[in-house]
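Note sheet for the following structure.
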Amino acid sequence: MESLVYEYQGGVPIESPRAPVIAGVVGSGNLEILVEAEGPDDRCTIVVVTAATGFGTIWQAVMNDFVARHKPGGVRLSINDVGATPAVVSLRLEQAWEAFKGGSA
Amino acid sequence: MNRDWSRSSKSRERRVARGVAAAGGRIVPQQKIIDLLEAVIEPGDRVCVEGNNQKQADFLSKSLAATDPAKIHELHLVQSVLALPSHVDLIERGQVARIDFSFSGPQAGRLAKLVEEGRIQIGAIHTYLELFGRYFVDLTPQVALIAAQMADAEGNLYTGPNTEDTPAIVEATAFKNGIVIAQVNKLVDKLPRVDIPADWVNFVVQAPTPHYVEPLFTRDPAQISEIQVLMAMMAIKGIYAEYGITRLNHGIGFDTAAIELLLPTYAAELGLRGKICTHWALNPHPTLIPAIEDGFVESVHCFGSEVGMEAYVAARPDIFFVGADGSMRSNRAFSQTAGHYACDLFIGSTLQIDLAGNSSTAIKGRIAGFGGAPNMGADARGRRHASPAWLKAGREDALATGMPRGRKLVVQTVETFREHMEPAFVERLDAWEVGQSAGMALPPVMIYGDDVSHIITEEGIANLLMCQTAEEREQAIRGVAGYTQVGIARDRRMVENLRDRGIVRRPEDMGINPRLATRDLLAARSIKDLVRASGGLYDPPKRFRNW
C-alpha cells in the first residue's frame with residue numbers, strides 16, 4: 001500500500017455546490033474515485049491510496065494532465081486503486097468528473 | 001553414368017515392408033505402435049509430428065518419445081509446433097539433433113533451456129507458410145505422424161473441421177516417397193467424406209483417446225475491458241470505416257474480440273453494415289457469432305476449427321467452407337495464403353513495440369516463435385490486384401516511389417501498459433537479447449516496423465504510413481505511448497504538429513467520446529450470450545461454462 005497526495009492551485013472554482021460522486025469499483029485492475037466539493041476555491045487536492053507501490057511518477061503525470069485539462073477548483077478527489085493501468089485511471093477520472101459536473105446539489 | 005534414380009522409392013518399399021511385419025498390416029493395433037515407429041523410422045530422418053496451435057497428433061508424439069533411443073536418434077524435427085511435453089521429452093531423451101519449427105508456446109521456457117545447454121540445434125524459427133514452403137524444397141519429411149478424426153479400412157482419412165496442416169504435410173511427404181502414419185479417433189466403415197486419400201497414407205492407428213484440440217480462439221466476453229471497447233471503437237471508426245475494410249484477418253486477443261462484438265452495435269449504428277468486415281480469413285471465433293447473425297459477414301475461411309463451434313459452423317454453410325457431407329473443412333496453408341494476399345487489413349496485439357514500430361512477443365527466457373502472425377502482419381509485396389482500401393493506404397505511403405502501388409494495412413492494437421504495469425512500448429525489444437542467447441541469426445521480430453501502418457492505444461491512433469522521416473515515426477509512436485517512459489519522453493510540440501496533420505489522432509479527433517466506451521456496447525457480454533446468439537448451436541468447452 002502506498003499513499004500519494006497531490007495539491008494543485010490555480011483551478012477554476014466549480015459553479016454551484018455539487019453533490020459528491022463516486023465512479024468505478026474496488027476490484028482487481030480497477031479503482032474507485034470519490035469527487036467532493038471541498039477546500040479553497042482555486043485548490044484541487046488528490047489523495048491516492050494504491051495497492052501497487054513505486055509508480056508515483058506515473059500517477060503524477062496522469063494527475064497533471066487531468067488537472068491541466070479540466071482546471072478543477074475547490075475540489076477533493078479520493079482514489080482507491082487496486083492496480084489499475086493509467087488507461088483505466090484516466091478513463092475513470094473523466095467519468096467521475098463528467099458525473100460530478102453534470103450533477104446538481 | 002549409371003545412377004540409381006529410385007533410391008527413395010526403394011527406401012519407402014523397405015520401410016513399409018518392415019512396418020507391415022512389425023505391426024501386422026496397415027491398420028496398426030495400439031500396442032504395436034512403438035514397434036511400428038522403430039521399424040519405419042531411421043536414424044537421421046526428417047520427421048514431422050503434426051500439431052499446431054489447435055490439433056495435435058498427441059498419441060503418436062508420446063509413442064515416439066517412448067521409442068528406444070538406441071534405435072531412433074539424430075532426428076531432424078520439421079514441424080509447426082513444439083507445444084506438447086512429449087515433443088520436448090524427445091529432445092531431452094537425446095533423440096533429436098536439430099529442429100525447424102514455427103511456434104513453441106507452452107514449451108517456450110523448456111526449449112530455451114535446452115538451447116542454452118547446447119542440447120539441441122535450432123535450424124530456424126519460421127512462419128507457418130515458410131515451413132510449409134520448405135516441406136516442398138529442402139525440408140521434406142521422410143516420416144510424417146499425423147492426426148485425423150476417422151479412417152476407413154482402406155486407410156482413407158476424414159480430417160473434418162480440423163483439417164488444418166494435414167494436406168500440406170501429407171502432400172509433401174507422400175509424393176517424395178516418405179511414410180505417412182495417421183492416428184485416428186475412430187475406425188469406421190464409411191467416412192463422411194475423404195479428406196486424404198488412402199494411397200497417400202501408409203499406416204493407421206486408432207488412438208486410445210481422441211487427439212487433443214486446444215480451444216485457443218475462444219475469448220470470454222466477460223473479460224473484455226472498457227479500454228478494449230474504446231480501442232475497438234477507434235479501430236472501427238478511425239480505420240475500418242475510413243479505408244472501407246471489407247477483407248481482413250483478426251488476431252487472437254481480447255482487443256480484436258472486442259471489435260467483433262462491436263460490429264452489430266457500434267458499427268451498425270455508424271451505418272457500416274455491408275460496408276466493412278464482410279470477408280474474412282479467420283478461425284471460427286465464437287465472438288464473431290453476433291456479427292454473423294446480424295448479417296455483417298458474408299464469408300469466412302478458416303485456418304483450423306474451434307472446439308464447440310462445429311454445429312454452428314455446419315449450420316451456416318453460406319458463410320463457412322463446408323463440404324457436401326455438411327461439416328467444415330479448414331486448411332491452414334490456404335488460409336494463411338488468403339490472409340497474406342487476399343486481405344486488406346490485419347489487426348492484432350503484441351507484447352512489445354519499439355521506437356521504429358517493430359514488435360515482438362519474444363520475452364527473456366522464452367523461445368516462442370511466430371506461428372502465422374508475420375504472414376498476416378506483412379505487406380504482400382507480390383500482390384497485384386487493387387482494392388479501394390489497398391489503394392488508399394498506398395496513396396498515404398509517404399516513402400513510396402513514383403510508381404503507384406497499394407499497401408496492406410497492418411495494425412497493432414495495444415494498451416500502453418499490460419497487466420502488472422509492464423509497458424508495451426520500449427526503447428529496445430527483449431528480442432535482441434533473446435536472439436543472441438539462442439544463437440539466432442536475427443532478433444525474433446514478429447512484425448517489422450516498416451510493415452506496420454497504424455498503432456492503436458487507448459490514447460489514440462498513430463498513422464505510420466504518413467510519417468516522412470524516422471524522427472516523425474518515432475514521435476508518432478511516442479505520441480500514443482501514454483504514460484510509459486517512451487510516451488512521457490515525447491516531444492510535445494512535435495506530437496501536436498503530427499496531430500494537426502492527422503498522423504496522430506485522439507479519440508475526440510475521430511468524434512469518439514471515451515466516456516461512452518462501456519461494456520454495454522458489446523453485442524455479447526458473456527459466453528452464455530454467445531450461446532444464445534447462436535440459437536443454442538455453439539457448445540462451449542466446459543471450462544468456459546459457468547452456468
Side-chain angles (χ1 to χ4, degrees), chain A residues 1-2 4 6 21-33 35 46 48-72 77 79-103, chain B residues 220 222-234 254-255 258 349 351 413-425 455-461 478-490 492 495-496 499 506-509 512-521:
Chain A
M1 280 303 207
E2 188 174 23
L4 307 163
Y6 303 100
V21 156
I22 290 187
V25 289
V26 178
S28 183
N30 216 319
L31 77 166
E32 66 172 6
I33 301 176
V35 191
I46 304 178
V48 180
V49 178
T50 170
T53 58
F55 296 104
T57 1
I58 294 176
W59 279 103
Q60 174 94 59
V62 175
M63 295 310 146
N64 289 354
D65 280 354
F66 171 75
V67 170
R69 207 157 42 237
H70 297 292
K71 305 202 178 0
L77 280 79
I79 298 176
N80 273 323
D81 169 56
V82 197
T85 59
V88 175
V89 176
S90 298
L91 184 65
R92 290 276 173 270
L93 278 169
E94 293 299 317
Q95 287 168 340
W97 187 245
E98 173 99 336
F100 182 68
K101 294 260 288 184
Chain B
D220 185 346
Q223 291 186 43
I224 293 173
S225 72
E226 284 162 301
I227 302 300
Q228 285 160 339
V229 171
L230 172 62
M231 286 159 54
M233 291 164 78
M234 287 193 252
F254 286 97
D255 305 88
S349 197
L351 295 182
T413 177
V414 292
E415 194 177 333
T416 54
F417 284 95
R418 304 196 308 273
E419 52 190 8
H420 311 303
M421 289 295 278
E422 288 292 330
F425 291 90
I455 298 175
I456 305 179
T457 73
E458 74 274 7
E459 208 187 354
I461 300 180
R478 289 188 189 276
V480 294
Y483 297 97
T484 60
Q485 298 229 317
V486 165
I488 287 173
R490 73 185 61 172
R492 282 181 178 249
V495 170
E496 279 314 306
R499 194 174 164 191
R506 304 297 176 211
E508 60 263 38
D509 302 339
I512 294 170
N513 182 348
R515 288 184 297 271
L516 301 182
T518 68
R519 287 180 35 83
D520 293 343
L521 280 179

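Just so it is clear: chains get the letters A, B, ... in the order the sequence lines come, proteins before strands, and each one is counted from 1. Because the structure is a prediction, the values reported are computed rather than measured. Computed over heavy atoms, backbone and side chain alike; hydrogens, waters and symmetry mates excluded.
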Checklist line | Residue selection (most heavy-atom pairs with chain B, distance under 4.5 Å) from A:V62, A:I58, A:L91 | finding: A:V62
Next item on the list: Dump the intermediate steps for salt bridge (charged side-chain N to carboxylate O under 4.0 Å, His left out) on B:D255 and B:R418, then the final yes or no.
Entry: CA-CA 12 Å; B:D255 305 88; B:R418 304 196 308 273; over 6 Å; no
Checklist line | Presence of salt bridge, B:R506 and B:E458, under 4.0 angstrom | finding: no
Next item on the list: Give the member of B:Q485, B:E459, B:H420, B:M421 that has the highest number of heavy-atom pairs under 4.5 Å with chain A.
Entry: B:M421
Next item on the list: Please step through salt bridge (charged side-chain N to carboxylate O under 4.0 Å, His left out) for the pair A:E98 and A:R69, ending with a clear verdict.
Entry: CA-CA 12 Å; A:E98 173 99 336; A:R69 207 157 42 237; over 6 Å; no
Margin query: Surrounding CD of B:E419 (heavy atoms of other residues, nucleotides or ligands, distance under 6.0 Å), is the total greater than 12?
Written below: no
Next item on the list: Measure A:T57 against the heavy atoms of chain B and call it side chain, backbone, both or neither at under 4.5 Å.
Entry: neither
